Number of protein chains: 2
Amino acid sequence: MSDLPAALEIVGKRWALLIVEKLLEGPQRYGDLQRDLGVPTNMLATRLRELEAAGVLRRLPLRHNTRAYALTDRGLALGDAITALARWGSDKS
Amino acid sequence: MSDLPAALEIVGKRWALLIVEKLLEGPQRYGDLQRDLGVPTNMLATRLRELEAAGVLRRLPLRHNTRAYALTDRGLALGDAITALARWGSDKS
DNA sequence: ACGCGGCACTTGTATTTTGCAAGTGTGACG
DNA sequence: CGTCACACTTGCAAAATACAAGTGCCGCGT
C-alpha cells in the first residue's frame, strides 16, 4: 500500500529534496547549504525545522554557535527516490 | 551527471506527481483527475498544460468536447521515481 | 576589557503560487 | 430550442515563497 501523498507532505515542498540530496554527501552546516543551494535563509530555516520534525534529519552540535545537519536512517532511505528522480531529470530521451 | 533541479522544475510543483501517478493507471479524463485527486480545477488545467509542454503527457481527443490525458514515454519513465517515493512514504521504519 | 567577525538564524515586507467560487463555450441529445 | 455534461477560464482571497535587513551568541585578537 503505497502512499505518495504522505511522502509529498514531507518532501514535496520547495527545496526539501534539494536539501536532502546535499546531505547525502554528508553532514553539512547551515551556511554550506545556503551557499551551495542558493536557498533563501528563512526558507532554509523553515525546511530544516520541518525535516527534523519529520525525522528525516537531526542537528549535531559542533561548537558554540555552530552545528551540522545530518540525515537519519529515514532520511538516507530517500536516496533511492532522489537518484531515480535525478536520473529522470538528466535523461533527455 | 544527475540533475535533480531539472526534474523538480517539471514535476516538483504541487499536484504534478499526483497527476502523473494517476495517469500510470491509464489515460484519464479531466473530470476523473479532478474528482479522484481533489485538485482545484484551475491548478489542474495549469499543471496539465505544463506537463504537456514538458513532454510528460499528451492530449487524446475522444469526442466533441471530451479528451483524455495519457503519459508519453517520458512520462512513463517517472514510474520508478514515483514508486520509490511512494514506498518511502508508506515505510514507517 | 572591548570591539570585531563569523555563524545561525529572525523579522518585516513584496511577490508569486495556490485555493475557492462562479462563470463561459461547445456540441450532443431530447 | 432548451438543457446538460464536459473542459475549462476568470476574479479574488489566502498562503507560500523571496528578498533585504537585523539580532544574539561566543570566540579571538588587541
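Computed from a predicted structure; not experimentally measured. Chain identifiers are assigned alphabetically (A, B, ...) following the order of the sequence lines, protein sequences preceding nucleic acid strands; residue numbering begins at 1 within each chain.
- Closest approach of Tyr69(A) and Leu57(A) over heavy atoms only: CD2-CD1, 3.9 Å.
- Distance from the side chain of Met43(B) is smallest to dG19(C) among dT11(C), dG19(C), dT17(D).
- Heavy-atom distances under 4.0 Å link DNA chain D to Trp15(A) of residues 15-36 of chain A, given in residue order.
- Of all heavy-atom pairs spanning Arg74(B) and Gly55(B), the tightest one is CB-O, 3.6 Å.
- Scanning residues 48-71 of chain A for heavy-atom distances under 4.0 Å to DNA chain D yields His64(A), Asn65(A).
- Salt-bridge check for Glu52(B) with Arg49(B): failed, with every basic side-chain N at 4.0 Å or more from each acidic carboxylate O.
- Leu44(B) has its CG atom 13 Å from the P atom of dT18(C), to the nearest Å.
- Between the CG atom of Asn42(A) and the C1' atom of dA14(C) there is a distance of 12 Å, rounded to whole Å.
- In terms of modelled atom types and a separation under 3.5 Å, the side chain of Arg67(A) and the main chain of Tyr30(A) share no donor-acceptor contact.
- Of the candidate nucleotides dT17(D), dA21(D), dA18(D), dT17(D) has the atom nearest to the side chain of Lys13(A).
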Could you walk me through whether Val39(A) and Arg47(A) satisfy the side chain to side chain contact (heavy atoms under 4.5 Å, CB included) test, starting with their C-alpha distance in whole Å, then the side-chain angles of each, then the deciding distance to 0.1 Å, before giving a yes or no? CA-CA 10 Å; Val39(A) 45; Arg47(A) 289 293 172 272; over 6 Å; no
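- Checking side-chain atoms of Arg87(A) against main-chain N and O of Ala81(B) turns up no donor-acceptor pair under 3.5 Å.
- Counting only distance, with no hydrogens or angles, the side chain of Trp88(B) and the backbone of Gly75(A) share no donor-acceptor pair below 3.5 Å.
- Linking Ile, Leu, Val, Met, Phe, Trp and Tyr whenever their side-chain heavy atoms come within less than 4.5 Å leaves Leu33(A) and Leu60(A) in two separate clusters.
- Atom-to-atom, CD of Glu9(A) to C1' of dA16(D) comes out at 14 Å; the value is rounded to the nearest Å.
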